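Please read these numbers as outputs of a predicted model, since none were measured by experiment.
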Amino acid sequence: MDSNVTIGTRFPLTIKRMDINGAGIGYYKRKITFVTGAFPQEVVIAQVTAVHDRYLEAKVHRVKTASPDRIKPIDPEYGKVGGVELGALKYSAQLAFKRDVVSQSLAKFKPAGWQHYELRPTIGMDQPIHYRNKAQFPVRLLDGHVKAGLYAPNSHELIPLTDFITQRPLTMKVVNQLCHIIETLQIPVYSEKRNRGAIKTLVVRESVATGEVQLTLVTNGFDLPKKAELLAAIAKDLPMVVTVMQNNNPGRTSIVWGKESQLLAGQPYITERLLGRDFLISPQAFLQLNPDQTQTLYQLAIDALDLAPNETLIDAYSGVGTLGLSLAHVAKEVRGMEIIPEAVADAQANAKLNGITNAHYEVGTAERVFPQWLKQGFRPDAVIVDPPRSGLDSDFIKALLSVKPAKFVYISCNPSTLARDLVALAQTYNVEYIQSIDMFPQTARCEAVVKFTRK
Ligand code: SAH
């Protein structure tokens, strides 16, 4: 190893390809180097940001030879905050990259027949900006002012933001106004260094259909100075805010949400409309972050599932029931499970709200509840799964393969765990196609719908 390389060392580097996290890969004296913000075929002056035994991490100091796909980033904060790795890449190249991430992940895990899977071109957005319906921004005091924003990569240094390329404008408007209110009322905001102050994080979620906004104040203990004045100012200046929740997350931690919440004002949910149905959403419940693409994603999943009337369906990892309830009218019975109790309560309420009587939602892990239902004699004709980034639990896969439902669709938000899970699944199922869809433009994150047929 070259001991002369330290943090800050600069050298020219030719970028060969991109890794699945959106970093450019080059080789410095044969050592693999991941360069954030560098693209294939570029020559950059890389500046080392971390030295590891077997690899280096770096950022772009200067671009010497630019990729034809490089554009001037739209966001002025590009490069300062994490999470928008592809902000300087032409959108068509972002979409090609995401399909390639699926391909790279398959090549790594090599599930049966992987070379022959049909990988469909990634479905993108017409306007790939300002799409996120939720802002989760830490709040800090910077130079005497209350600021919200995102952290610089690999740090807890707050980069204040009043506008951001991925955020829907209403989410930012609410965040900005809240900062103003908190500053005017001089409510102490959290200092990580001193582990003091009340307000840590603002979580703002917008319903596109109704314009309602849900606010959660994550606080360091339940004590919130000037609570009454704060709620009065929110009611006056931000009438679109229909929920004010407080979430208690005391002490220094990098986990955003604490365990206990209490409603400070308004109703505990907002209503979003998807594929013609209304869905109540509690602050703790998951909701897809890109409302424009969500309906496209769900339609892809529904088409892939191709449910026939009178078939039974399991909607695993069901959230507030958005997928299963969109299919209940063509199914004999829908059953779903989900670990967040509030989300399950929402799913049950959402069934009622939409006049659906053949859907049943239960609290529990998919890997525990699914085998239980099988034991009770339930045999689903169709299964749809939409797990978190960790993918499917092996006990879930075991249960699924024990009954081999004829129809099976996997919505994945992580091609790596998808490819891993395919190793077991492809023993029993053929992969008919993998359709990637861009839910997170400007970022390296990639979503895909997999249609299976039984062998
Ligand atoms: N299909 C829903 C939710 C998908 S997100 C939608 O489109 O909105 C994944 C969901 O799985 C989250 O709501 C999360 O709380 C839940 N979850 C995470 N681990 C789980 C597990 N082991 N079993 C069941 N649900 C789980």
Side-chain angles (χ1 to χ4, degrees), residues 8-28 32-50 55-104 121-132 135 149-155 157 159-169 172 289-290 292-293 415 436-447:
T9 303
R10 290 175 190 163
F11 44 76
L13 198 70
T14 301
I15 305 301
K16 306 282 185 201
R17 57 197 161 85
M18 270 165 98
D19 82 335
I20 59 171
N21 301 311
I25 293 179
Y27 293 86
Y28 176 68
I32 189 162
T33 304
F34 298 94
V35 191
T36 307
F39 306 125
Q41 291 145 46
E42 289 193 324
V43 181
V44 300
I45 305 294
Q47 178 172 327
V48 174
T49 54
Y55 65 98
L56 300 172
E57 290 177 78
K59 62 182 183 181
V60 176
H61 171 62
R62 189 159 57 82
V63 180
K64 284 189 74 175
T65 312
S67 156
D69 294 328
R70 179 177 283 276
I71 55 165
K72 187 171 172 293
I74 306 169
D75 199 283
E77 304 302 326
Y78 173 78
K80 289 193 202 152
V81 297
V84 283
E85 307 81 5
L86 308 188
L89 194 63
K90 211 186 262 175
Y91 191 52
S92 56
Q94 293 188 23
L95 296 177
F97 162 76
K98 294 190 183 190
R99 181 176 179 273
D100 189 57
V101 169
V102 176
S103 173
Q104 282 192 43
T122 309
I123 296 174
M125 294 183 79
D126 293 338
Q127 295 290 330
I129 56 171
H130 296 155
Y131 55 84
R132 274 181 70 108
L150 294 169
Y151 292 136
N154 309 317
S155 87
E157 182 206 341
I159 308 293
L161 299 168
T162 52
D163 177 25
F164 197 55
I165 185 170
T166 59
Q167 287 298 143
R168 289 181 61 85
M172 293 308 296
L289 290 161
N290 182 336
D292 284 339
Q293 288 291 78
S436 43
I437 168 167
D438 192 16
M439 300 298 283
F440 301 98
Q442 320 304 334
T443 81
R445 292 183 57 185
C446 173
E447 195 100 4

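Counting heavy atoms from C-beta outward, Gln293 and Phe440 have side chains that stay 4.5 Å or more apart. The shortest distance between side-chain heavy atoms of Phe34 and Thr36 does not fall below 4.5 Å. In this structure the side chain of Thr166 reaches within 4.5 angstrom of the side chain of Tyr131, judged on heavy atoms. In this structure, Leu150 and Ile159 have side chains that are not in contact, with every pair of non-hydrogen atoms separated by 4.5 Å or more. A 4.5 Å side-chain heavy-atom check between Phe164 and Asp75 finds at least one atom pair inside the cut-off. Under the 4.5 Å side-chain criterion, counting only non-hydrogen atoms from C-beta, Met18 is in contact with Leu86.
The backbone N or O of Ile129 sits nowhere less than 3.5 Å from a side-chain atom of Gln442 that would complete a donor-acceptor pair. Lys98 contributes no side-chain N or O that, together with a main-chain N or O of Ile437, makes up a donor-acceptor pair within less than 3.5 Å. Judged by distance alone, with hydrogens and angles left aside, the side-chain atoms of Asp69 form no donor-acceptor pair with the main-chain N or O of Ala93 at under 3.5 Å. Here the side chain of Glu85 pairs no donor or acceptor atom with the backbone of Ala23 at under 3.5 angstrom.
Shortest non-hydrogen contact noted between Val35 and Ile15 is CG2-CD1, 4.0 Å. In terms of heavy-atom proximity, Gly83 sits nearest to Thr443 at O-CG2, 2.9 Å. Nearest heavy-atom pair across Ile71 and Gly87 is CD1-O, 4.1 Å. Taking every heavy atom of both residues into account, Val102 and Ser436 meet most closely at CG2-CB, 4.5 Å. The heavy-atom pair separating Asn21 from Ala444 by the smallest distance is O-CB, 3.3 Å.
Considering only residues two or more places apart in sequence or on other chains, Ser67 meets the side-chain hydrogen bond (donor to acceptor under 3.5 Å, both in side chains) condition with none of them. Taking Asp100 as the reference, Gln104 meet the side-chain hydrogen bond (donor to acceptor under 3.5 Å, both in side chains) condition, with sequence neighbours excluded. Glu77 meets the side-chain hydrogen bond (donor to acceptor under 3.5 Å, both in side chains) test with Lys80; sequence neighbours excluded. Remark: Tyr55 pairs with no residue by the side-chain hydrogen bond (donor to acceptor under 3.5 Å, both in side chains) rule, at least two apart or across chains. Residues forming a ring-ring contact (aromatic ring centres under 6.0 Å, His included) with Tyr78 (at least two apart in sequence, or on another chain): none. In this structure, the ring-ring contact (aromatic ring centres under 6.0 Å, His included) partners of Phe11, at least two apart in sequence or on a different chain, are Tyr28.
Open room surrounds CD on Gln41; 12 or fewer heavy atoms of other groups in view lie less than 6.0 Å from it.
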Please report the C-alpha distance between Val81 and Tyr151 in whole Å, then the side-chain angles of each, then the deciding distance to 0.1 Å, and finally whether the side-chain contact (heavy atoms from CB on, under 4.5 Å) criterion is met.
CA-CA 6 Å; Val81 297; Tyr151 292 136; over 6 Å; no
Can you check side-chain contact (heavy atoms from CB on, under 4.5 Å) on Met125 and Asn290, steps first, answer last?
CA-CA 10 Å; Met125 294 183 79; Asn290 182 336; 3.3 Å; yes
